[in-house]
Amino acid sequence: MSAPPAEDLLEEWKSEQERLRQQVVEVDTEDWQRKPDFSGLQRVGGMDLSFIKGDDFNACAQLVVLSYPDLKLLYEDSQMVTLTAPYVAGFLAFRETPFLLEALQRLRMKQPNLLPQVVFVDGNGLFHYREFGLACHLGVLSGLPCVGVAKNLLQVQGVHKSEEHQAQIAALQKGGDSFPLTAASGKVLGKALRSSDSSSKPVYVSVGHRISLDTAVRLTHSCCRYRVPEPIRQADCRSREYLRKHFPAADACTKE
DNA sequence: GCGACAG
DNA sequence: ATCTTGTCGC
């Protein structure tokens, strides 16, 4: 279906990532990030893309803004988009970021008062081959604080699904427990977090932009009703719902 | 050739 | 990402 990406394009993308990497701010920049109860934080965003089953190009781009700490819906935007870049592990941002930025731009235009103070992104931030995953990319280009939350482990910089890793997961006792994901260099690139008491499979949290890792992990835990933090979960549910409503069984009975 | 491969 | 309902268990 989609042509394999040319080698020189990947090299261009790498350069772009290495250039933008320099702009990532991996410390807390907001007052609320320093507060034990995050007082001052009122709006958290979540973004996601959902696809129709056999279609790699058309997707629903979703933005939700929830109140904090209640996690009630304040704003939502669903928009059908046509993707141009293929999915290549390590380059997810080149596929998705343009449409996430557009959604934020529509919000800035329509309801700037509802702009989220932090955005949860479905994917990694600094926990990435070149320390510049989707959450960093969106953070730097939007200027907003961003947190990356991946549902699956990307094996990067010496972190792998070893027995040691499995043992560390097994040692996570309750919601909020975590352990560091340490690169071969010694740098902690992210943390595996048990997001709730009832989910034994962790999520992988890393810094996107303008937030420290410890704050990102603490905030993620505080936004979890289920395994996936509520802003991302809502974005996922609502974009799927949009597709079900507007493209019901798009593949059934097409052959007569 | 084999494994890895965020979404 | 997507294919997929009910079911077993705490």
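Lettering of chains follows the sequences in order, A, B, ..., and the numbering in each one begins at 1.
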Practice item. Indicate, with a heavy-atom threshold strictly under 4.0 Å, whether Gly148(A) touches base, sugar-phosphate, or nothing. Key: nothing
**Study point:** First and last nucleotide of DNA chain B, 5' to 3', lying under 4.0 Å from heavy atoms of chain A
**Key:** dA4(B) to dG7(B)
Revision key, fill the gap. Residues at least two apart in sequence or cross-chain that pass side chain to side chain contact (heavy atoms under 4.5 Å, CB included) with Val159(A), listed by chain then number, are Phe127(A), Leu153(A), Leu181(A)
Check your understanding: Relative to Phe51(A), does Arg240(A) satisfy both conditions: NZ or CZ under 6.0 angstrom from the six-membered ring centre, and within 45 degrees of the ring's axis?
Key -> no
Revision key, fill the gap. Secondary structure of DNA chain B per the Watson-Crick/G-U criterion (both distances under 3.5 Å; [ ] crossing, | other strand, . unpaired) is .......
Point to revise | Atom pair CD (Glu96(A)) and CG (Leu101(A)), whose distance is rounded to the nearest 0.5 Å | key: 11.5 Å
Check your understanding: What do the steps show when you test Arg19(A) against Glu16(A) for salt bridge (charged side-chain N to carboxylate O under 4.0 Å, His left out), and what is the final call?
Key -> CA-CA 5 Å; Arg19(A) 183 175 70 82; Glu16(A) 180 75 348; 3.1 Å; yes
Check your understanding: What does Asn152(A) touch in the nucleic acid at a heavy-atom separation under 4.0 angstrom: a base, only the sugar-phosphate, or nothing?
Key -> sugar-phosphate
Revision key, fill the gap. In B/S/- notation (B base, S sugar-phosphate only, - none; protein heavy atoms under 4.0 Å), nucleotides 4-10 of chain C written 5' to 3' is -------
Check your understanding: Which residues in residues 154-177 of chain A have at least one heavy atom lying under 4.0 Å from any atom of DNA chain B?
Key -> Leu154(A), Gln155(A)
Practice item. Please check the phosphate of dT2(C) (OP1 and OP2 only) for any side-chain N or O of Arg240(A) closer than 4.0 Å. Key: yes
Practice item. Return the stems involving DNA chain C, sorted by first number, where pairs are Watson-Crick (N1-N3 with N6-O4 or O6-N4) or G-U wobble (N1-O2 and O6-N3), both under 3.5 Å, and runs are 3 or more long. Key: none
Review point. Taking a hydrophobic cluster as the set of Ile, Leu, Val, Met, Phe, Trp and Tyr residues connected by side-chain heavy atoms closer than 4.5 Å, whether directly or through intermediates, do Val24(A) and Trp13(A) fall within one such cluster?
Key: no
Point to revise | Atom P, compared across dT4(C) and dG3(B): separation rounded to whole Å | key: 27 Å
